[in-house]
Every structure is written in structure tokens, then in C-alpha cells.
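Read through the structure below, which is laid out as C-alpha cells, and then see the notes.
Labels below follow one simple rule: chain letters A, B, ... track the order of the sequence lines, proteins then strands, and each chain is numbered from 1. Model, not experiment: these values are computed from the prediction.
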Amino acid sequence: MKKVYCEVSKCVGCKSCEIACAVEHSKSKTLFIAISEEPMPVHRRNVQSINKLIISDACHHCQEAPCVSACMSGAMYKDKDGSTQHDEEKCVGCWMCIMACPFGTISRRKKLAIKCDLCKDNVKGPMCVISCPTKALSLKDVQRGEL
Amino acid sequence: MNYIIIGASAAGISAIESIRTVDKNGKITIISDENYSIYSRCVLSYYLAGIVSEDKLKYREDDFYKKYNVNAILGKKVVSVLPDKKIKLSDGSEIPFDKLLIATGSRSKMENITGIEKEGVFGLRNIDDAKRIDLRLIKTKSAVMLGGGLIGLRAAYALHKRAVNVTVVVKSKHVLSQMMDEEGASFVQKRMQEQGINILTGLAAKEIIGDKEVKSVILENGNKIDCEIVVIGKGVQPNIELVKNTNIKTDWGIVVNEFLQTTVPDIYSAGDVAQSSDLITGESTINALWPNAIAQGKVAGLNMAGKNVKYSGSIGMNSVEFFDLPTISYGITKPKGEGFEMLIKKNSVKNIYKKIILKNNKLVGFVLVSDVNQSGVYGSLIEKKIDVSSIKNNLLDNNFNFAKILPLISENRKNFTEPEYDEILITNK
């Protein structure tokens, strides 16, 4: 399985990833139209900082995903490729997943939980990686031991 | 190996999934007294509200049992656990097992109140409850919820959405008294009242009156509320009757050790019926909640299949949203005794409330209203029992997020053992 890694030494906090993410998850997929969409598209990646350290963070597609265990409607699930995905059709907006995510990477958009889906519907791959001007973000294989 | 699982809700289903990660070929039989596909009882109030269809109650595919090679006996009740590794069904038949999981869950606690047997009085626990309430709505103008806990409020919200005039009768001083402090709960209470739900606190019902059917509820103070439906939301009670007259130790629920074993070898218990230790307080208790049931089912299943996995303990936690106001409570929210420290941030205009409870500089609980997005980060600090002295002053900052705990993760590597933390820290040098 692959996930998006952030190389902290290269991240300058420009938030290009946040914008690319929000646009990719908008209806129009165009920045200038997306900003006037209702509801406003939400980015699933967040640039955060502490002291001088900057990190762009999003769902880590955990091996033992606490959000999947906590989800009482079956909306959050592990996909065959190992990624953690969310079926918006099934989500009831109870926020159990938000309560469970140790990284705080799930947010609310109206009544739906929103998280990184690795841009699974876009053959080009995660748009945050493509948009990152310093190549801090990259899509790499995950090396995790057995449970 | 011949596994039997009693109960087909969160813990039972989770156990099947985890057994199959270890034992692909063992014989698994699941027995449930409900003759339905796998459904989520936590979603029932959304179904009753008309927000989701019956189909959406299913949280696993229809072919789940087939896919996991499970023999499902549905619509039959297990009446007792027998010595010599056998169980007995309501039809008199007996089934032997090598490993047994008791995941019989809990039921609505019905109060000892005059008139409770009348038509129109319900719990809200099973799909049948929801369907019966739904059927009665056609002749319902008003409903009374007895109990201001999560069940009572969820039922109130659902019926309000169905244009029923709803009154909630709460014995405590405020709603959600088991779940959070008075101040946090006041935001929820106010929002519900503003939206037209009548909430009476500090009051109990004395009698339910009517002939065959419910006509009204008489309160302690003599007031009478006319209604066609009464929903009892007085908490739940574990279904332990089947282990009576066995050597399986019970207290409030079935007592289990850290491996989720009962006091009888090869018999395990998980979910709302299992009394295990609380991760934060260490007390032996039942936190009858979905995520705990799933986690327990997983651990019990692994151990039944021969692994040796410890359960870290259950957590009292809850998340709910009424009328666009989300609320999450976690751990100790109403500390009793000495040594607790409280951090509070409040904005009544914006409906923001954040309260963090610490003991010995470690988080032990929190209540969040409106701004709940970072609750899991707080939760991980609680679960991993991290000393937060160095970031205590930043915990309630508006921009508090995962990055703020990165130094704590580096300092406490032995507590953050999941591979995802390694993946973050690899690039964080």
C-alpha cells in the first residue's frame, strides 16, 4: 500500500497541497469556480506547525484504523489496497471517527465526515503530491510489519 | 476448532473478523435471537428520524456470513450455558463448542413505573423497537421520553424530526448527566429547547396512564403530559441470564480479565455484556459503547483463535450531534476527589465549550462542544497516558492540532508504538 509522506525539512508551509486537495474534491475541479461552491469544498490535508517545524498532515491510512473500528454505520472501511476509505452514502455524521482518529485528520463537512482518499478517483494520483512545489510530499510504499 | 459466538452485533461480528485473520478453517457458528441481517443499533435513531433507510442500517454486506464461512443461526435464543462445553437453545437443542464468546449485549432498562406495560411504551434498542415506534407515529401527536441520556435525547431528536411534539423528562439536574458536566450539557439542552423540544429537568414520571394504550404521563409534581408514545431511555442492562447457575462470575455484567476470558476456561465475553477494566480509572465496569465492543470483539476473537493479546481497557466516550451542534465527551468529565486540574474555554455566543481534565499533568478526560475536530488527538494523549506539562498552556488554543504533540511523541516513543508514528518521525529529523 502507498500513502503520502511529508518530508518535514522540505515543507515550507505554502499550503499549495491544501488548495489542490480542496479543488480536487470540489464539484467543478477548478479553483475559481470551486471557491463559490456551496458547500465550500474542504481540504483533507492540513499544514500544521510547532516552533519552526512545519508538516503537511492527512490521513495515515493506519494499519489498525481506529476510525474504522469506531464507525457505527460501516461508512469507514479498509479497502482492498490497504487504504482507509469512506463511503459518504453510509455516513450519518455521528463523529465517532473524529473522536477516534489520533492524528485529528478527519473533519466535518455539513453532515459528512471528510478525510484523505488518496485521490482514488483520479488516475494522476494524489493532487497534493503533484501540487507540492518543494517535493516535500511524495507517494511512497508503506513498510509495515504484520499485526 | 469449533467456535460459538452468541450475539450478532458489534462485538460478535468483530470477533468473527478477527478469528478469521488467524484461523481460516475453524468452524464458526453465530447465534442471534434477532432474525435480521447484520445491522447497527446505533444508527436506529437516524432510521427512526427518517434520515436513513432500513437498508442503511446494515454495516456489513448481506453475504458477510457466507464470505467468512460462518454458520448463522438467527431467530433463536441461547437460554443457558451448560457444563461440559455446551449451550442450550430456546428450542431445547444443545450445541457443543471448543471456544465460546458471549456477546449478548444489553437491553433497555425498563423502569418499575406503573403503566409501563401499556401499548405505546417502548425502549429504543432493537430494530423491532424502531419499527414499532415508526408504525405508531401515524396516530401520534406527542411523545414523552423518560430519561435525558443519549438514548432519550436521540429518540427525542428523531421524533422531533418526524414532527412529533416531544417532551423529555430528566431526573437529573441536566441532560446527558452520565456523559458530561452541567456546563457542557447546557449547550446541548439549550439548543434542543430552542428547536422546540420540551425538556423538564429534576423531575421523574410517577405513572403512565391510559386504558390499553398510553394516554398520558403523570409526573412527580402532579403535572400531566398527554402523549401517544413513551420512550424509556434509562440506560441499559447487560443480558447475563444465560450464565446463571454456571461458574461464570457475574457482577453487573460478565466479569472478564485482560484477555477477555471469563472465570471459566475457553469462555470469553465482549461488548455491552462484558465487565472489564476502564482504561482511565482502572475500575471494573462496562462502558457500553460501539467502539469498545468492536475493540473487545477483536481481542476476544484473536485470543479464542490462540493468540495472546491483552485488552488495554474500555473508555467512557461519546460523540453526538443534535441540530448542527456536535459534542464529544471522553474519559472522566465530572471528576470527584482530589488532584484534578481543569482547563476551560467557553464562548456562549459561538456555542464553543472546551474542558480538559488533568490529573498529575496527564489528560484524563475532556468535553468539547462545536469544535470537536481535534478530539482524537486529546484522546490519544489520554490513552497513552502522556505527561503534557510542556504543552499544557497550548491545549485549548484554537490552532491546537497533531503537530503540537510531535515533541511529546518523540519524548515518549515507547508509548507510541503504532507504525504510523514511525512513518511520521522518519521524515521529522
Side-chain angles (χ1 to χ4, degrees), chain A residues 3 5-11 46-51 53-57 59-77 89-108 110-111 136-138 140 142-147, chain B residues 10 14 21 38 40-43 46 51-52 56-61 289-291 294-295 298 302 317-321 324 326-330 372-381 383-384 391 394 399-407 416 418-424 426-429:
Chain A
K3 78 167 201 183
Y5 285 76
C6 175
E7 209 168 320
V8 175
S9 58
K10 290 184 184 167
C11 181
N46 282 287
V47 175
Q48 311 176 357
S49 66
I50 177 162
N51 305 326
L53 189 150
I54 305 168
I55 182 170
S56 163
D57 200 40
C59 173
H60 291 278
H61 301 275
C62 300
Q63 189 166 26
E64 287 249 31
C67 59
V68 175
S69 291
C71 179
M72 62 189 206
S73 68
M76 212 59 95
Y77 65 99
E89 286 287 306
K90 281 190 167 175
C91 181
V92 294
C94 69
W95 319 131
M96 287 280 191
C97 53
I98 290 181
M99 180 171 78
C101 176
F103 305 104
T105 60
I106 306 172
S107 52
R108 299 183 298 128
K110 299 258 168 171
K111 301 276 181 219
L137 295 180
S138 57
K140 281 192 213 151
V142 173
Q143 308 290 340
R144 291 170 183 163
E146 268 206 42
L147 286 177
Chain B
S14 169
T21 62
I38 300 163
S40 171
R41 39 187 104 254
C42 298
V43 183
Y46 297 85
I51 296 167
V52 302
K56 294 265 178 71
L57 293 173
K58 297 175 185 171
Y59 64 97
R60 290 293 183 271
E61 306 82 2
L289 301 159
W290 186 271
I294 296 283
K298 191 184 267 183
L302 289 173
M317 53 185 160
N318 245 309
S319 167
V320 72
E321 176 175 308
D324 303 322
T327 313
I328 293 182
S329 67
Y330 200 106
V372 298
N373 281 5
Q374 299 303 317
S375 56
V377 180
Y378 296 131
S380 77
L381 294 172
E383 206 182 308
K384 297 185 186 297
I391 60 161
N394 308 108
N399 67 352
F400 177 81
N401 52 34
F402 175 68
K404 309 297 182 288
I405 73 164
L406 281 171
F416 293 89
E418 290 81 356
E420 293 76 23
Y421 292 104
D422 289 327
E423 291 160 14
I424 293 165
I426 284 169
T427 58
N428 184 10
K429 282 171 190 156

Q: Sort B:K298 into side chain, backbone, both or neither according to what part of it lies under 4.5 angstrom from a heavy atom of chain A.
A: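 When you check distances to chain A, only side chain atoms of B:K298 fall under 4.5 Å.
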Q.
Please classify the contact between B:V377 and chain A as side chain, backbone, both or neither, with a heavy-atom cut-off of under 4.5 Å.
A.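 Answer is both: backbone and side chain atoms of B:V377 are under 4.5 Å from chain A.
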Exercise: identify the closest heavy-atom pair between [X] and [Y]:
X      : Y      : value
A:A70  : B:W290 : O-CD1, 3.4 Å
B:Y46  : A:C94  : OH-CB, 3.5 Å
B:V372 : A:I98  : O-CG2, 3.3 Å
A:Q48  : B:F402 : OE1-N, 3.5 Å

Q) In terms of the angle between their ring planes, are A:F103 and B:Y421 parallel, tilted or perpendicular, with boundaries placed at 30° and 60°? A)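 Ring orientation of A:F103 relative to B:Y421: tilted.
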Q. Roughly how far, to the nearest 0.5 Å, is CD1 of A:I50 from CD1 of B:I405?
A.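 With rounding to 0.5 Å, CD1 (B:I405) is 9.5 Å from CD1 (A:I50).
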Q | Nearest-0.5 Å distance, CE of residue A:M99 to CG of residue B:L289 | A |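 Spacing of CE (A:M99) from CG (B:L289) equals 7.0 Å.
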Just give me the residue among [options] that pairs up with chain A most often, heavy atom to heavy atom, under 4.5 Å.
options                       : result
B:A295, B:S380, B:S375        : B:S375
B:N318, B:I51, B:L381, B:L57  : B:N318
B:A10, B:P291, B:P407, B:A403 : B:A403
B:E420, B:K384, B:R41, B:K58  : B:E420
B:I328, B:N373, B:N399        : B:N373

Q: Determine, stepwise, if the pair B:I424 / A:I55 fulfils side-chain contact (heavy atoms from CB on, under 4.5 Å).
A: CA-CA 9 Å; B:I424 293 165; A:I55 182 170; 4.0 Å; yes
Q: Give the intermediate values and the outcome of side-chain contact (heavy atoms from CB on, under 4.5 Å) for residues A:N46 and B:N401.
A: CA-CA 10 Å; A:N46 282 287; B:N401 52 34; over 6 Å; no
Q | Charged N-O contact under 4.0 Å between B:D324 and A:K110 | A |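 Looking at B:D324 and A:K110, the cut-off is not met.
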Q) Any side-chain heavy atom of B:Y59 sitting closer than 4.5 Å to one from A:S73? A)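 Sidechains of A:S73 and B:Y59: no contact.
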Q.
As a quick check of understanding, evaluate side-chain contact (heavy atoms from CB on, under 4.5 Å) for A:K111 and B:E321, giving each step before the final call.
A. CA-CA 9 Å; A:K111 301 276 181 219; B:E321 176 175 308; 2.7 Å; yes
Q) A:C67, A:A136, A:S107: which one forms the most heavy-atom pairs within less than 4.5 Å of chain B? A)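 Looking at each of A:C67, A:A136, A:S107 in turn, A:S107 comes out on top.
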Q: Output the option from A:A100, A:G104, A:G74 having the highest count of non-hydrogen pairs under 4.5 Å with chain B.
A: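 Ranked by heavy-atom pairs under 4.5 Å with chain B, first place is A:G104.
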Q: Please test B:M317 against A:M96 for side-chain contact (heavy atoms from CB on, under 4.5 Å), starting from the C-alpha separation and ending with a verdict.
A: CA-CA 9 Å; B:M317 53 185 160; A:M96 287 280 191; over 6 Å; no
Q) Residues two or more places apart in sequence or in another chain: which of them pass side-chain hydrogen bond (donor to acceptor under 3.5 Å, both in side chains) with A:K3? A)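 Listed in chain order: A:H60, B:E423.
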Q | Which atoms of A:C62 approach chain B - backbone, side chain, both or neither, heavy atom under 4.5 Å | A |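 Contact with chain B involves both backbone and side-chain atoms of A:C62.
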